[in-house]
Amino acid sequence: MKIIGTGSAVPTMTVSNDDLSKFLDTNDAWITTRTGIKTRHLLSTEDLYDLAVDASIKAIKASGLRPDQIDFLLVSNVANRHITPGLSCIVQKRIGLSCAGLDINVACAGFVNALMLADGMMKAGRAKNILILCAEEPTKYCNWHERDCSVLFGDGAGAVVLTEGNAFKDVNLTMISDRDVLYYERGMETTPFESTYVKGQPLVMKGKELFRTAVSESAKDIQTILNRAHLTADDINWFMLHQANKRIIEGIRNIVGGPEEKYPTVIEKYGNTSSASIPIMLDEMMRDNKIHQGDKIVMSAFGAGFVSAACWWEWEF
Ligand code: ACO
């Protein structure tokens, strides 16, 4: 398969590190040096569904296809206002689609996991044109009274349209069952037969542990796909990594190799937008004409689970 259209959308409201330091015990210097983040966009007047629709319509428009030519909608989302129905059902009509769809939740690794599914569907002849939409609102489940998680995240959506082609080469998925490093627990109703009340709690994170696992697992995933393709870091034009923390990206680069210029970032502007981070960055790079025919591109994402995934492309337009 190959990508023939990209689109992205972020909320209109921008929040700087200085804005956060007005109500949290934090400061611009700490956030910048520890994470690379300068600003993030937070939902205010719009909602996540607006961003999801906007990013999707832009991607379809860029692809040159009509909405009725999309055969399947694959959505990656950690959480939104509705637990049911899935986000794909909520936005399908507004995007102008009538095809079936499916939601996946593999946290920040959702985009690369969705690519694996799209590749399988195309190879099985189940779909010719697929829209992948990653739409995330992590700022809606952070604890804004604590500085540990809330400074890291931003909201956003990124989408791609895929069709048949030979650009997508290989993918490697990893899962290590470890809930405690990062989780968001919802409240549970009591029943007439079981009265334990579960209140639920906003995102809980073991930052240092997550940092270490993200660096080691992402580097392993990347090395696995490079080894399978008999490639080295020198052969790769772009390493497009999940934008969780600039220091995580540097940690991965220290193991995998290659100059800093091959590891683009948008985290300084958007913070960590979970599974939307790679498609948002891809969309910006496409619009800036940074990606060329034949470019070898590695994507690697990681997050709650712990899950991680890497894939590589030889770009075709
Ligand atoms: N502002 C100011 N000071 C802070 C803040 C803050 N927001 N947070 C922590 N500190 C202080 C700590 O209290 C500590 O002070 P002390 O030395 O007096 O005890 C000091 O800064 C260092 O804290 P550490 O936790 O050691 O900071 P660290 O360098 O590990 O950075 C961070 C913390 C940014 C969370 C890092 O561990 C990290 O990036 N982890 C991964 C987080 C991540 O990727 N999350 C996304 C999850 S989903 C995904 O996309 C993978």
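Remember, it's a predicted structure, so these values are computed and weren't measured experimentally. As the structure lists them, so they are numbered: ligands from 1, and atoms in each ligand from 1.
Near Gly303, the atoms of ligand 1 lying under 4.0 angstrom from a non-hydrogen atom of the residue are 51 (C). Within ligand 1, counting atoms from 1 as listed, the ones closer than 4.0 Å to a heavy atom of Asn245 are 34 (C), 38 (C), 39 (O). In summary, the atoms of ligand 1 found under 4.0 Å from a heavy atom of Leu182, numbered by their order in the structure, are 47 (C), 48 (S). Counting the atoms of ligand 1 from 1 in the order shown, those under 4.0 Å from a heavy atom of Ala244 are 44 (O), 50 (O). Those atoms of ligand 1 that come under 4.0 Å of a heavy atom in Cys108, given as number and element, are 48 (S), 49 (C), 50 (O).
What you find for Val78 and Ser274 is that their closest heavy atoms are CG2-OG, 3.7 Å.
The nearest protein heavy atom to atom 1 (N) of ligand 1 is closer than 4.0 Å. In this structure, atom 7 (N) of ligand 1 is in close contact with the protein, since a protein heavy atom lies within 4.0 Å of it. At least one protein heavy atom sits closer than 4.0 Å to atom 12 (C) of ligand 1. Using a 4.0 Å threshold on non-hydrogen atoms, atom 16 (P) of ligand 1 does not count as touching the protein.
No heavy atom of Gln243 sits closer than 4.0 Å to any atom of ligand 1.
Looking at Asp19, Thr273, Asn17, Thr14 one by one, the single match for side-chain hydrogen bond (donor to acceptor under 3.5 Å, both in side chains) with Arg40 turns out to be Asn17.
Residue-to-ligand polar distances keep Asn27 apart from ligand 1: every N/O pair is separated by 3.5 Å or more. Considering backbone and side-chain atoms alike, Asp148 places every N or O at 3.5 Å or more from each N or O of ligand 1. The N/O atoms of Gly207, backbone and side chain alike, include one that comes under 3.5 Å of an N/O atom in ligand 1.
Between Lys290 and Asp295, no side-chain nitrogen of the basic residue sits less than 4.0 Å from a carboxylate oxygen of the acidic one, so the salt-bridge criterion is not met. Between Asp170 and Arg228 there is a salt bridge, since a side-chain N of the basic residue sits under 4.0 Å from a carboxylate O of the acidic one.
With a 4.0 Å heavy-atom cut-off, ligand 1 is reached by no atom of Ile31. Proximity of Leu24 to ligand 1, defined as any heavy-atom pair under 4.0 Å, is not found for any part of the residue. When non-hydrogen atoms are compared, ligand 1 lies under 4.0 Å from the side chain of Val151 (C-beta onward) but not from its backbone.
Here Arg253 contributes atom CZ and Ile222 contributes atom CD1; the two are 12.5 Å apart, rounded to the nearest 0.5 Å.
Relative ring orientation between Tyr263 and Phe239 is described as parallel, the plane-to-plane angle staying below 30° on a 0-90° scale split at 30° and 60°.
Environment of CE in Met13: crowded, with over 12 heavy atoms of neighbouring residues, nucleotides or ligands closer than 6.0 Å. Within 6.0 Å of the CD atom in Glu194, the count of heavy atoms belonging to other residues, nucleotides or ligands exceeds 12.
Of the possible donor and acceptor atoms, one in the side chain of Glu46 sits under 3.5 Å from a partner among the backbone N and O of Thr12.
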